[in-house]
Amino acid sequence: MSERVYTVVPAPRREAIRSMAKRGERVDGRKPEEFREVKLEVGVAGNADGSARVTLGHTKVIVGVKASLGQPFPDAPNAGVQIVHAELIPLASPIFEPGPPDENDVELARIIDRGLRSAPALKLEDLAVVPGKQVWRVFIDIYPIDHDGNFIDASGLAAMGALLSAKIPKVTAAPDGTIVKAEEKVPLPIADIPVFVTIAKIGDVLVVDPCYEEELVMDARITFALTRDNHVCAIQKGGRGSFTPEEIERALEMALNVAPRLRSALENLRQAGAPQSA
Amino acid sequence: MSERVYTVVPAPRREAIRSMAKRGERVDGRKPEEFREVKLEVGVAGNADGSARVTLGHTKVIVGVKASLGQPFPDAPNAGVQIVHAELIPLASPIFEPGPPDENDVELARIIDRGLRSAPALKLEDLAVVPGKQVWRVFIDIYPIDHDGNFIDASGLAAMGALLSAKIPKVTAAPDGTIVKAEEKVPLPIADIPVFVTIAKIGDVLVVDPCYEEELVMDARITFALTRDNHVCAIQKGGRGSFTPEEIERALEMALNVAPRLRSALENLRQAGAPQSA
Amino acid sequence: MSERVYTVVPAPRREAIRSMAKRGERVDGRKPEEFREVKLEVGVAGNADGSARVTLGHTKVIVGVKASLGQPFPDAPNAGVQIVHAELIPLASPIFEPGPPDENDVELARIIDRGLRSAPALKLEDLAVVPGKQVWRVFIDIYPIDHDGNFIDASGLAAMGALLSAKIPKVTAAPDGTIVKAEEKVPLPIADIPVFVTIAKIGDVLVVDPCYEEELVMDARITFALTRDNHVCAIQKGGRGSFTPEEIERALEMALNVAPRLRSALENLRQAGAPQSA
Amino acid sequence: MTAGAGVKLLTEDGRRLDGRALNELRRCRIEAGVLKNADGSAYIELGRNKIIVAVYGPREVHPRHEALPDRMLLRCRYSMLPFSVAEERKSPAPTRREVEISKVIREALEPAIFLEEFPRTSVDVYIEVIEADGSTRVASITAAAVALADAGIPMRDLVAGVSIGKIEGKLAVDLSGIEDQHGEGDMPIAMMPRLGEVTLMQADGRFTREEVAQALRMAREAILKLYEEQKRALKERYSKVLAAELGEEQ
Amino acid sequence: MTAGAGVKLLTEDGRRLDGRALNELRRCRIEAGVLKNADGSAYIELGRNKIIVAVYGPREVHPRHEALPDRMLLRCRYSMLPFSVAEERKSPAPTRREVEISKVIREALEPAIFLEEFPRTSVDVYIEVIEADGSTRVASITAAAVALADAGIPMRDLVAGVSIGKIEGKLAVDLSGIEDQHGEGDMPIAMMPRLGEVTLMQADGRFTREEVAQALRMAREAILKLYEEQKRALKERYSKVLAAELGEEQ
Amino acid sequence: MTAGAGVKLLTEDGRRLDGRALNELRRCRIEAGVLKNADGSAYIELGRNKIIVAVYGPREVHPRHEALPDRMLLRCRYSMLPFSVAEERKSPAPTRREVEISKVIREALEPAIFLEEFPRTSVDVYIEVIEADGSTRVASITAAAVALADAGIPMRDLVAGVSIGKIEGKLAVDLSGIEDQHGEGDMPIAMMPRLGEVTLMQADGRFTREEVAQALRMAREAILKLYEEQKRALKERYSKVLAAELGEEQ
């Protein structure tokens with residue numbers, strides 16, 4: 001329940017970054033509305049049913065997807081199960097400590113979960129094999145391995161990359177309820193491809209895709225998950241500062257502008273894959 | 001396994017309270033055998049099946065009861081299940097810390113559990129729906145929210161208030177074992193109405209219903225749970241001091257004297273309720 | 001994940017022990033290849049199905065075995081289950097702290113588990129009652145109660161002593177799958193009697209069965225579990241130092257030399273018991 | 001929250017199940033200073049929601065190494081009592097949901113507090129939900145701000161919150177439990193009422209860009225009403241304290 | 001403990017299942033100084049109960065912030081080995097029952113110890129039940145007091161305990177496991193034997209006021225017998241230590 | 001590991017399922033300096049195994065009371081990502097297996113490090129298995145040694161490891177997952193390659209004395225090959241760092 005102790009930025013450096021922001025400049029030379037170069041690789045973890053590694057500047061995130069048959073949740077007996085887990089492991093940064101998930105791990109997992117669920121990314125109803133009894137349970141495990149800011153957007157991309165590249169056994173339920181797993185593998189049923197875009201507020205300036213130093217000096221951040229048809233399917237404000245309503249509307253506009261480029265890599269994956277149900 | 005670090009009473013104040021006790025006086029003007037005013041409200045938590053808030057001086061305790069169908073304990077297949085849980089949340093006092101239950105939480109829950117069970121308060125055998133398979137599991141959750149001493153007696157009153165005011169769905173088991181829940185709600189089957197009375201020893205003096213300052217300076221305490229027919233259905237000695245056997249007998253006499261007044265508010269509740277099975 | 005803080009041996013004492021070792025001497029007067037006197041008692045915990053206490057110098061270890069019917073592991077449906085648990089309780093030494101198992105508890109349990117499993121000590125396949133459904137689950141609980149070094153070897157002896165002295169109800173499975181427990185008790189099915197021998201390296205010297213002071217100053221240790229026919233059925237190197245391959249071969253020779261004496265007490269137990277299936 | 005197949009949340013004349021208009025708050029009552037031990041406290045009823053908040057501090061940080069050299073450490077714990085939920089008893093162990101909500105509530109309160117005024121101290125905000133009926137996180141914020149003020153923590157503004165939901169395609173203020181469960185979206189928003197700045201904003205469901213803008217406007221309006229109730233509760237509290245200090249009965 | 005439908009615990013001549021009279025203790029044997037590492041230790045067999053106790057201290061408190069400025073910190077941990085119970089293996093994690101018993105045992109021992117003599121230190125009492133057959137908490141106290149004395153902790157008296165049960169309507173001393181399981185009540189009592197003061201008292205079941213008074217008298221009588229065994233064990237221990245110090249074989 | 005009833009692991013011409021000879025390692029590729037935040041890092045692919053290692057330190061010990069007055073505190077955490085296993089998703093909580101392996105890996109690395117050179121500091125080695133296919137603990141050691149060197153920790157030698165297994169009665173180098181699962185024994189061995197000293201040795205299965213000796217010889221030979229790859233990776237890393245320092249593009 002307490003704040004994670006972040007490494008402190010020395011006051012002069014802090015002031016320098018904030019003055020640069022005022023002049024429309026950023027520590028890594030980007031423009032305020034500029035997203036860093038994104039690299040997306042899939043199939044990086046061969047025992048997973050789907051996996052992806054996203055590199056965003058120096059930030060690196062690996063996501064693996066594993067699906068197994070099991071019971072549905074009691075309140076949604078006719079739908080598959082989506083479980084998102086994130087762990088800010090100490091390998092990725094000296095500011096992360098070993099131990100059970102803390103509020104930052106939980107927040108990251110829950111933002112991604114909400115965005116995927118509201119879009120929706122997975123057609124959960126297509127993942128029920130024997131409704132009420134046997135459904136696919138899809139685990140999405142997020143592991144940042146190098147930290148240079150903006151884990152949310154990188155994790156969202158890697159999660160979608162892993163889902164889009166995943167293949168699960170084709171199963172059929174016999175009339176007596178027994179389930180037969182075929183050798184044949186099929187992709188997961190994908191309905192939409194949400195992307196996450198985070199905007200940081202530094203003084204009065206909004207910047208897209210903050211790097212780590214910017215996160216340390218920012219006042220607040222706001223993340224939008226955006227569907228293909230430009231709906232907002234999740235929002236999360238973070239940080240100790242506040243936004244005016246106008247700033248929020250401006251941030252949303254910035255997010256809508258960069259979303260198509262982020263999504264394009266994922267769309268490519270999709271076209272490369274097997275025929276999809278949506 | 002270690003003692004909770006209690007706020008220390010400054011030595012002069014400590015001595016003052018102890019000398020007052022010798023003269024038959026108490027910090028809040030009460031007589032040694034005098035219980036504080038008790039206020040009992042029921043229905044304070046509308047999502048619970050039964051609930052009560054007890055105010056005892058500045059001490060406040062909320063108890064909620066939730067019942068659900070589930071499996072019996074293997075060693076009592078034909079009886080319902082009673083589970084008492086207590087949590088000394090940091091909201092109630094600066095001396096309580098967040099975290100998993102410690103020995104004080106556990107002791108409080110277990111004293112109340114023993115008193116209710118031995119009286120018995122609930123007729124557990126009447127809570128078996130399909131013996132051996134489906135029984136009512138009754139959770140009694142105790143949450144003190146302001147701490148001015150004597151949580152045990154306040155919790156006991158609130159627990160009984162919550163049980164007496166609870167209503168659960170009327171259920172019937174079809175011959176094939178399926179269970180039908182009716183719209184109609186019925187009270188829980190109550191056999192007895194135990195009350196808890198705690199006596200503190202300060203020097204050579206016994207006082208009923210210690211307030212927080214008295215708890216801080218007392219040598220020891222002893223609690224009796226008492227049934228309607230004046231049986232002792234639970235005892236618990238606490239604290240770093242000891243009692244002579246004579247003091248214990250005297251304490252029991254004091255407890256028997258105040259019990260009827262404490263029970264009267266609960267008896268009123270009962271008469272106000274629907275017809276009872278006992 | 002961190003090292004347990006061991007009591008430090010003062011430098012002069014440390015040097016003394018190491019020089020003694022060079023001269024072939026040991027703190028308790030033993031020769032390098034000499035195992036301490038072993039005392040093995042069985043039936044020390046009457047509610048266990050089998051139990052043993054081993055005394056090895058001042059080191060004392062109690063092991064209890066409890067068997068109960070339950071489900072097999074999914075990856076071995078036709079075999080009983082062996083679960084080894086060890087707890088270095090603070091009663092046994094000031095260097096042990098209360099709390100959940102740490103790496104030392106886990107390592108001890110897992111070494112014993114591997115040795116018993118690879119020998120194998122228990123014929124797990126004979127412990128399946130209704131294959132795939134109901135099997136014996138055998139819990140082997142290791143509790144050192146006084147610590148003068150070499151818990152591994154003492155625990156191994158006590159574990160085998162407890163297994164060899166254990167009696168479980170004779171059960172039969174009716175065709176409809178119900179299980180009948182007879183009054184009659186039978187021994188556990190034992191296939192082999194592994195013993196564990198630990199050799200410590202102090203400077204260039206190898207010594208068998210290190211006492212606690214020797215463990216504090218040793219460079220490293222290596223344990224061999226040995227079957228009746230002189231197979232190595234488990235190895236575990238521990239400690240911050242290293243061994244040359246020649247030292248390992250020499251250590252194994254030393255272990256093979258002392259193993260028969262250690263095993264003899266166990267063999268006696270076996271002959272004293274009821275007829276065995278092996 | 002799942003899309004509400006089959007549950008009608010709006011009547012034919014556009015009213016909600018509990019008779020409210022789309023932009024109508026449920027009845028809200030706040031009481032300040034309800035606990036004796038806490039340095040500040042508040043109790044809120046918003047519809048059937050019942051939430052109690054205690055504030056302790058500013059006080060020495062425990063454990064000490066968590067103290068911050070340049071500002072106060074604010075800590076929040078939001079938790080639901082096991083019997084507060086309409087469903088089966090909730091386990092008392094903190095859920096992931098409670099962990100996340102504790103974090104966003106803290107970050108919703110921090111912008112309003114002069115954190116720099118008490119470096120090396122902590123303020124702890126404990127929130128217990130006694131009865132839950134939708135929108136508990138924002139109701140918790142509304143009450144917590146009152147409890148902080150009651151504790152005398154210096155603040156640049158209060159904070160109040162409301163959820164904007166989407167039911168049958170329309171935006172609605174202050175979702176009830178059943179509306180949250182069967183509606184198409186939930187967007188909790190908290191603001192500093194005087195300054196008009198957003199300190200908490202979350203959403204699930206699907207909203208257009210225009211709906212987001214509209215939700216912010218609706219939230220502002222509702223929050224100003226909640227602000228009046230916050231001020232009323234604090235005024236009542238101060239007059240009681242004052243009366244007590246002047247030697248009268250409280 | 002549940003009311004014992006159908007299990008007869010008394011024979012027709014008023015004897016108990018193990019042949020004891022109602023006021024008769026089971027055979028009790030105590031040995032002091034059974035462990036080498038501990039500063040004090042004791043082993044007790046009471047009927048089939050087998051319990052070992054180790055005492056460490058007085059020593060520096062770890063973690064330090066738990067140290068008390070004006071007295072010794074006494075800590076107790078009562079635990080049952082997984083195979084000590086007649087039923088299925090007990091999980092090694094501490095149960096709520098063990099947590100409570102650890103607390104009441106500590107509070108049963110504290111009155112006998114001169115806690116003020118060693119401020120800022122701790123004494124840790126570790127109790128492991130190897131075999132359980134009823135009345136383990138009081139047997140643990142009886143052994144723990146001997147272990148404390150063996151450790152040289154200054155005490156104003158020993159402490160010994162016994163359970164008084166109710167079987168077939170009659171009070172009985174020192175309940176066995178089966179009597180505890182099928183009897184009508186259990187009242188564990190510990191006293192300082194010389195001073196005659198009660199340091200632990202608990203009960204479940206139903207007792208009249210007169211039965212409580214009678215139970216206290218029966219407990220006193222039994223505790224004086226246990227006290228003799230405690231003293232015998234300590235005397236034996238001292239003579240062994242003395243013999244060892246005088247250069248003889250122990 | 002259970003005896004492999006029915007699964008043939010050797011072809012008729014004595015080759016293994018993946019075509020290797022008995023003394024043949026799988027393809028091994030190591031890359032040093034793969035992470036920006038860590039003080040040292042390495043990535044290893046051994047067959048299908050994919051493992052990443054980060055090293056932090058020497059740095060101040062946290063929590064402080066764990067600092068050692070006379071040497072560096074080395075800490076290791078080996079863990080498998082939930083999706084790294086061929087079976088169903090692994091729970092993220094550390095298993096007993098992971099706890100033990102973390103310990104033996106630490107003790108396999110310690111002999112190679114000049115621990116006394118940095119008293120009162122800690123070095124933390126974090127190992128994450130991304131994809132597992134047998135012999136992960138020894139592959140982790142091989143990578144960890146490179147990561148330690150990359151971090152500039154003074155070492156008397158590198159450490160590399162290999163597993164020697166027993167399949168169809170024959171010793172085989174570098175067990176794959178299927179060989180580990182169906183083989184008759186697994187003996188992981190790590191050595192300091194130049195010094196030829198064994199720093200990790202474990203075994204399950206059954207081995208004769210002669211087989212143990214032979215396994216040590218086979219391990220030595222394989223480890224020298226892994227050592228070449230370790231040196232190549234470090235050389236590549238140094239030349240990149242150097243190039244970067246000389247102002248060239250890396």
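Order of the sequence lines sets the chain letters (A, B, ...), proteins ahead of strands, with each chain counted from 1. These numbers were taken from a predicted model, which means no experiment stands behind them.
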side-chain contact (heavy atoms from CB on, under 4.5 Å) evaluation trace for A:Leu91 with F:Leu35: CA-CA 9 Å; A:Leu91 175 131; F:Leu35 298 176; 3.9 Å; yes

Begin from the C-alpha positions of A:Asp141 and F:Leu81 and carry the test side-chain contact (heavy atoms from CB on, under 4.5 Å) through to its verdict. CA-CA 8 Å; A:Asp141 283 292; F:Leu81 299 188; over 6 Å; no

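In terms of heavy atoms, F:Val85 sits closest to A:Lys66 at O-NZ, 2.6 Å.
Considering only heavy atoms from C-beta on, A:Ile145 stays 4.5 Å or farther from F:Glu128 through its side chain. Counting heavy atoms from C-beta on, the side chains of F:Pro92 and A:Tyr143 come closer than 4.5 Å. Contact of the A:Val44 side chain with the F:Glu131 side chain is not registered, since no non-hydrogen atoms from C-beta on lie closer than 4.5 Å. At least one side-chain heavy atom of A:Pro94 sits less than 4.5 Å from a side-chain heavy atom of F:Asn37. Put simply, the side chain of A:Glu97 reaches to within 4.5 Å of the side chain of F:His62, judged on heavy atoms.
Interface residue F:Val53: only backbone heavy atoms are found under 4.5 Å from chain A. Looking at A:Ala67, neither its backbone nor its side chain comes within 4.5 Å of chain F, counting heavy atoms on both sides. When heavy atoms are compared at a cutoff of 4.5 Å, F:Lys36 approaches chain A by way of both its backbone and its side chain.
Enclosure of atom CD in A:Gln71 is not indicated, since only 12 or fewer non-hydrogen atoms of other residues, nucleotides or ligands lie within 6.0 angstrom. Applying the 6.0 Å contact sphere to CD of A:Gln134 captures more than 12 heavy atoms from other residues, nucleotides or ligands. Heavy atoms of other residues, nucleotides or ligands lying less than 6.0 angstrom from NZ of A:Lys133 number 12 at most.
Of the inter-residue distances, the one linking F:Arg89 atom CZ with A:His85 atom NE2 reads 6.0 Å to the nearest 0.5 angstrom. Atom CG of A:Asn47 and atom CG of F:Asn49 lie 9.0 Å apart (nearest 0.5 Å). Atom CZ in A:Phe139 sits 12.5 Å away from atom NZ in F:Lys90 (nearest 0.5 Å).
At least one donor-acceptor pair closer than 3.5 Å links the side chain of F:Tyr56 to the backbone N or O of A:Ser93.
Heavy-atom pairs under 4.5 Å with chain F were tallied for A:Pro101, A:Pro90, A:Ser68; the largest tally goes to A:Pro90.
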